[in-house]
Amino acid sequence: MGKPVIRVLGGGKEVGRMSILVRRNSGDKRGILLDAGVNFDDEDRPVFAATYPPKYIDAIILSHAHLDHIGTAPMYFISGNPRVYATRPTIQMAKLMLEDFLKLNGYYSPYEHREVQTLLEAAEYIRYGQRVDIDGVEASAYSAGHIPGSTFVVLDIDGVRIGFTGDINTIETKLMKPPQLDAIGRIDVLITEATYGASLHPPRERAEKRLLSIVEEVVDRGGTVLIPSFSIARGQEMMMILAEHDPGVPVYVDGMIRKVTEIFLENSEYINNLHLLRKAYEEFNIVKGWRDRNRAWRQPSVIIASAGMLKGGPSLYYLKRIGGNPRNAVVLVSFQAPGSNGRRIVEEGLMPGSEEPVRARVEWLDFSSHADYKGLLEVVKATKPRMVVIVHSEEDVAKEYAKHVMDTGIPEKIVIGENNSDIAVDA
Ligand SMILES: [Zn+2]
Ligand SMILES: [Zn+2]
């Protein structure tokens with residue numbers, strides 16, 4: 001009968017574009033897909049994950065709503081109709097993310113709104129702790145602590161348990177409870193992300209304190225603080241930190257952060273400190289149009305706005321208004337990709353698309369929603385896999401992390417996943 005076979009379709013030796021195919025054995029063409037994401041190249045054009053014939057896909061399980069895990073999934077609905085499993089917030093956010101993706105990248109996309117619609121309609125909600133049967137394969141969902149709704153997936157295939165972290169974080173934040181790793185139990189094969197498999201993050205409280213002290217200093221001298229944030233999770237976390245320590249000036253929230261906050265409030269079981277999120281949503285000024293937007297930056301205030309890397313969206317608008325004045329500050333709290341506007345203001349101190357210097361104070365704080373290598377090792381220690389497959393990681397980072405895993409003495413075999421290659425499970 002043979003053992004299960006894992007094929008990396010995307011996310012091998014690269015961060016993002018995650019997609020994994022799991023088949024029962026090498027003789028079986030049919031399989032289950034774990035994520036199907038998209039990345040972006042230097043020119044910001046989409047780079048899709050490799051695909052597998054849709055007619056052989058029994059189900060797609062989406063670990064969470066970030067585009068690097070879902071952006072290729074609608075492609076399976078051009079000629080197929082697989083089942084889709086994900087948590088409710090994942091599906092609700094997937095709708096926002098995929099529609100926004102098509103708005104910006106429709107020209108490059110092989111799928112259209114119709115396929116996105118079919119995917120969303122096919123979705124069945126799963127909850128943490130729940131099991132579903134997919135033609136004899138038992139799939140179960142556990143929390144992953146990365147963003148609300150993010151899932152650690154376990155497939156039980158003929159007695160072999162294969163675990164997939166999706167993106168994972170092991171620390172508690174205001175927004176996220178840490179994952180319940182003990183609930184997962186022992187697994188045979190762990191397919192793990194290792195975005196930060198070679199680094200350590202500073203303690204979260206330190207980043208929070210730093211943010212609050214910058215806000216206080218800038219606001220005290222009558223300035224405005226711009227916090228460019230990702231729409232999913234980072235923006236809400238910033239709202240929650242500020243809601244707990246009233247900055248004494250108006251706080252404005254602009255961009256897709258608002259809709260995502262509403263989804264979070266509807267899915268309270270996935271939120272750690274719900275009271276704080278609700279307080280922020282009720283007390284802060286939600287920017288609804290140009291009048292609000294104009295008012296926001298003309299007074300001492302704190303502005304939380306998407307996009308997180310200043311690629312576009314309201315954060316870029318505000319930067320252009322406040323960036324020239326040394327009284328103000330721009331606090332970056334998200335990953336800044338090389339070549340992004342955010343990275344450029346940190347490294348070169350220049351305004352996007354010009355040679356004008358940024359005169360506002362610029363700070364970059366680490367609020368990562370990915371576990372560092374110590375956090376990732378906690379997952380290995382809790383699940384005691386016989387085999388570890390490393391994905392969602394740059395090659396040199398994956399190699400570093402493989403050494404850390406080896407040092408635990410837990411798995412017998414460690415594989416760095418490679419795109420378009422099969423991994424035989426010999427557990
Ligand atoms: Zn990811
Ligand atoms: Zn993610």
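Just so you know, residue 1 is the first one in the sequence shown, and it goes up from there. We count ligands from 1, going down the list as the structure has it; atoms in each ligand are counted the same way.
- For residues 71-92, the set of pairs meeting the ring pair (Phe, Tyr, Trp, His ring centres under 6.0 Å) definition, not counting sequence neighbours, is empty.
- Side chain of Glu99 to main chain of Met97: no donor-acceptor pair is present (N/O by atom type, distance under 3.5 Å, no hydrogens or angles).
- Residue pairs meeting the side chain to side chain donor-acceptor pair (under 3.5 Å) criterion with at least one member in residues 405-417, sequence neighbours excluded: Lys413-Asp426.
- The side-chain tip of Lys311 points at the ring of Phe40 from less than 6.0 angstrom away and within 45° of straight on.
- Protein atoms that are N, O or S and lie under 2.8 Å from the Zn ion (ligand 2) are these: His64 NE2, His66 ND1, His146 NE2, Asp167 OD2.
- Contacts of Arg83 classified as salt bridge (Lys or Arg N to Asp or Glu O under 4.0 Å), with partners at least two apart in sequence or in another chain: Asp135.
- Ring centroid separation for the pair His201 and His370 does not come in under the 6.0 Å cut-off.
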